Protein chains: 2
Amino acid sequence: MVRKTKEAAELTRQQLIDAARQVFLQRGVSRTTVEHIAAAAGVTRGAVYWHFSNKTELFRAMREQVLLPLIDHMDDTLLVEGPEDPLTRIERFLSGTMQFLSEDLTTRQTYEIMMIKCEYVDEFAEVLRQILQNCTGIIEKVRLTYERAKIKGLLRDHADPAQLAMDTHLFFTGLLHMWVKDSENGIYRQQAHELIKAHISLRRR
Amino acid sequence: MVRKTKEAAELTRQQLIDAARQVFLQRGVSRTTVEHIAAAAGVTRGAVYWHFSNKTELFRAMREQVLLPLIDHMDDTLLVEGPEDPLTRIERFLSGTMQFLSEDLTTRQTYEIMMIKCEYVDEFAEVLRQILQNCTGIIEKVRLTYERAKIKGLLRDHADPAQLAMDTHLFFTGLLHMWVKDSENGIYRQQAHELIKAHISLRRR
DNA sequence: ATTTACATACATTCATGTTTGTATATAAAA
DNA sequence: TTTTATATACAAACATGAATGTATGTAAAT
């Protein structure tokens with residue numbers, strides 16, 4: 001059996017992405033060979049080179065599958081004006097993202113790969129820039145939300161929304177990194193929600 | 001000229017470490033070959049294999065050169081009881097570390113390599129565990145300092161030293177990461193001291 | 001009949017570790 | 001103090017094993 005139907009081909013493409021994620025996670029992106037990925041997906045390198053021009057393109061495809069959904073979720077939680085106060089919205093955004101990471105294996109693994117199983121040089125340097133841009137977006141949205149909180153008088157005095165947003169962003173960046181690195185004993189994973197709660201309540205009047 | 005004096009040999013060893021740092025930074029650890037490093041140091045692979053058993057050992061040597069001094073600095077700033085209040089000590093510890101990173105090229109480059117130019121798999125997984133342990137130590141020392149601040153009545157009410165320490169640690173982890181990743185336009189580098197100041201003043205009564 | 005979706009075979013490059021060679025520094029012996 | 005032996009600090013050559021990309025083959029879908 002050689003030639004598959006269109007749907008079957010699309011399926012092996014997806015299987016290749018899944019296989020790549022597994023192998024990347026175990027061996028790191030650099031040490032992973034196209035052969036490894038093909039074997040893990042139960043095909044030969046021919047299949048890989050048919051669907052993707054090279055390993056880098058496979059990495060890109062894997063990455064794009066998880067990044068877009070997460071951004072959508074952020075927009076939902078943060079910007080949509082709801083019944084809860086802005087500070088609670090930020091808290092729920094942070095907690096929700098962590099919760100999502102706990103539940104969604106694919107996203108979690110992809111993040112782990114991007115954070116500690118990938119070297120950001122050459123082709124991957126561009127990815128770094130994308131990440132930085134993404135951060136700028138998050139910071140701006142969080143800042144806006146803190147701004148609203150200030151107007152509503154929810155913040156401590158002399159608190160600058162821009163600085164608060166930065167502080168929150170750095171806190172969350174750190175949390176994500178430690179959360180991912182600490183996969184073995186999971187101290188950060190247990191504490192995550194409490195830490196987020198404490199972080200926000202520091203800002204409350 | 002083949003056989004060098006003992007001091008000359010030690011010098012080429014150091015040159016190899018320096019060369020490795022440069023090449024790791026440019027090409028990432030995985031894509032760096034022993035040949036690259038040798039060429040950058042102006043020797044042949046023979047010299048590398050004489051001083052180090054392989055690339056991993058070279059990486060380890062490079063890493064150890066910068067990590068130990070930083071830990072010493074932490075102990076000095078944080079634990080030694082001084083004239084300033086505990087919160088200021090934490091602030092100065094954070095600012096001092098960032099300052100040190102700005103000034104010391106070697107340390108900065110090594111951190112950049114460890115954070116975004118290295119894949120933590122196999123032999124390097126052990127390094128991850130070391131980093132985690134290091135973090136635990138920092139958190140504990142910061143917690144103790146917050147504890148003293150609380151006793152002296154410097155903290156906001158209902159502030160838990162343990163949670164504050166975690167929050168500070170995550171903030172600082174995030175700052176380090178963004179600081180390193182943002183090497184191009186340096187938004188974080190300019191703001192670093194202000195951000196640290198704001199972070200600490202959130203805790204003040 | 002012609003693509004498609006792969007498998008298989010091929011050619012080439014590259015990196016590694018080891019081995020061998022060698023000039024010299026250094027220490028011991030005379 | 002000079003001579004001699006040995007270990008040192010590499011360079012150069014060798015052997016081997018990947019890994020990559022491409023080219024070709026092929027059976028089934030369209």
Side-chain angles (χ1 to χ4, degrees), chain A residues 1-62 113 117-119 121-124, chain B residues 1-62 113 117-119 121-124:
Chain A
M1 25 73 223
V2 186
R3 159 94 141 122
K4 313 273 187 60
T5 159
K6 226 175 181 185
E7 301 88 51
E10 189 55 36
L11 196 139
T12 68
R13 187 192 133 93
Q14 183 57 47
Q15 284 173 341
L16 281 172
I17 293 181
D18 293 338
R21 197 183 324 108
Q22 301 303 325
V23 188
F24 284 159
L25 201 63
Q26 280 178 26
R27 321 179 70 114
V29 176
S30 295
R31 295 186 178 188
T32 296
T33 73
V34 177
E35 166 71 26
H36 290 147
I37 298 172
V43 293
T44 69
R45 289 191 306 128
V48 180
Y49 281 107
W50 171 255
H51 286 284
F52 307 93
S53 56
N54 51 39
K55 200 175 69 177
T56 306
E57 288 307 313
L58 231 178
F59 176 86
R60 194 187 311 276
M62 176 200 75
I113 292 168
K117 272 106 199 275
C118 171
E119 299 179 3
V121 285
D122 303 334
E123 326 95 77
F124 296 97
Chain B
M1 36 37 254
V2 185
R3 158 93 142 123
K4 312 273 188 64
T5 157
K6 229 176 178 182
E7 302 88 50
E10 189 55 36
L11 197 138
T12 67
R13 187 192 132 95
Q14 184 56 48
Q15 285 173 340
L16 281 171
I17 294 181
D18 293 337
R21 196 183 326 106
Q22 300 304 325
V23 187
F24 284 161
L25 201 62
Q26 281 178 26
R27 320 179 70 115
V29 176
S30 295
R31 296 185 178 187
T32 295
T33 73
V34 177
E35 166 71 26
H36 290 147
I37 299 173
V43 293
T44 68
R45 288 191 307 128
V48 180
Y49 280 107
W50 171 255
H51 287 283
F52 307 93
S53 56
N54 51 40
K55 200 175 70 177
T56 307
E57 288 307 312
L58 231 178
F59 176 86
R60 194 188 310 276
M62 176 200 76
I113 292 167
K117 270 106 198 274
C118 171
E119 298 178 3
V121 284
D122 302 335
E123 326 95 75
F124 296 97

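All values reported here derive from a predicted model rather than from experimental measurement. All heavy atoms count here, side chains included; hydrogens, waters and symmetry mates do not. In what follows, chains carry the letters A, B, and so on, assigned in the order in which the sequence lines appear, proteins first and then strands, with residues in each chain numbered from 1.
- Between Lys4(A) atom NZ and Leu11(A) atom CG the span is 8.5 Å, to the nearest 0.5 Å.
- Lys4(A) has no side-chain polar atom (N or O) that falls below the 4.0 Å cut-off from OP1 or OP2 of dA5(C).
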Let me see the working for Thr33(A) and His36(A) under side chain to side chain contact (heavy atoms under 4.5 Å, CB included), right down to the final yes or no.
CA-CA 5 Å; Thr33(A) 73; His36(A) 290 147; 3.2 Å; yes

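- For Ala20(B), the side chain to side chain contact (heavy atoms under 4.5 Å, CB included) partners two or more places apart in sequence, or in a different chain, are Phe24(B), Ile37(B), Leu58(B).
- Axis orientation changes by 0° from one end of the helix from dA1(C)-dT30(D) to dA30(C)-dT1(D) to the other, with each end axis drawn from 5 pairs and the value rounded to 10°.
- Between dA5(C) and Thr5(A), no contact under 4.0 Å exists linking OP1 or OP2 to a side-chain N or O.
- Atom OG1 of residue Thr56(A) and atom CD of residue Glu123(A) lie 4.0 Å apart, to the nearest 0.5 angstrom.
- Of the residues near DNA chain C, Glu7(B) and Val34(B), the one whose nearest nucleotide (by heavy atom distance) lies more toward the 5' end is Val34(B).
- Note that CD of Gln26(B) and CG of Asp122(A) are 10.0 Å apart. Values are rounded to the nearest 0.5 Å.
- The distance between atom CD of Glu10(B) and atom P of dC10(D), rounded to the nearest whole Å, is 10 Å.
- What you find for Met62(B) and Ile17(B) is that their closest heavy atoms are CA-CG2, 3.8 Å.
- Taking every heavy atom of residues 17-25 of chain B and every atom of DNA chain C, no pair lies under 4.0 Å.
- At whole-Å resolution of the value, CD1 in Ile37(B) and C1' in dT16(C) are 13 Å apart.
- Salt bridge absent: Glu35(B) and Arg27(B) never bring a charged side-chain N and a carboxylate O closer than 4.0 Å.
- Remark: Val43(A), Thr44(A), Arg45(A), Gly46(A), Ala47(A), Trp50(A), His51(A) in residues 41-61 of chain A come within less than 4.0 Å of DNA chain C through at least one heavy atom.
- Screening Arg21(A), Gln22(A), Gln15(A) against Asp18(A) for a side-chain hydrogen bond (donor to acceptor under 3.5 Å, both in side chains) leaves a single residue, Arg21(A).
- Applying the ring pair (Phe, Tyr, Trp, His ring centres under 6.0 Å) test to Phe52(B) and every residue at least two apart in sequence or in another chain returns nothing.
- Atom P of nucleotide dC10(D) and atom CD of Gln15(B) are separated by 9 Å, given to the nearest angstrom.
- In this structure, the CD atom of Glu35(A) is 12 Å from the C1' atom of dT8(C), given to the nearest Å.
- Between the side chain of Glu119(A) and the backbone N or O of Ser30(B) there is at least one donor-acceptor pair closer than 3.5 Å.
- Between Lys6(B) atom NZ and Glu10(B) atom CD the span is 9.5 Å, to the nearest 0.5 Å.
- Expressed to the nearest 0.5 Å, how far CG of Leu25(B) lies from CD1 of Ile113(B) amounts to 5.0 Å.
- Between the side chain of Lys55(A) and the backbone N or O of Thr32(A) there is at least one donor-acceptor pair closer than 3.5 Å.
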Could you run down the sub-3.5 Å N/O contacts of the protein with nucleotides 12-14 of chain C?
none

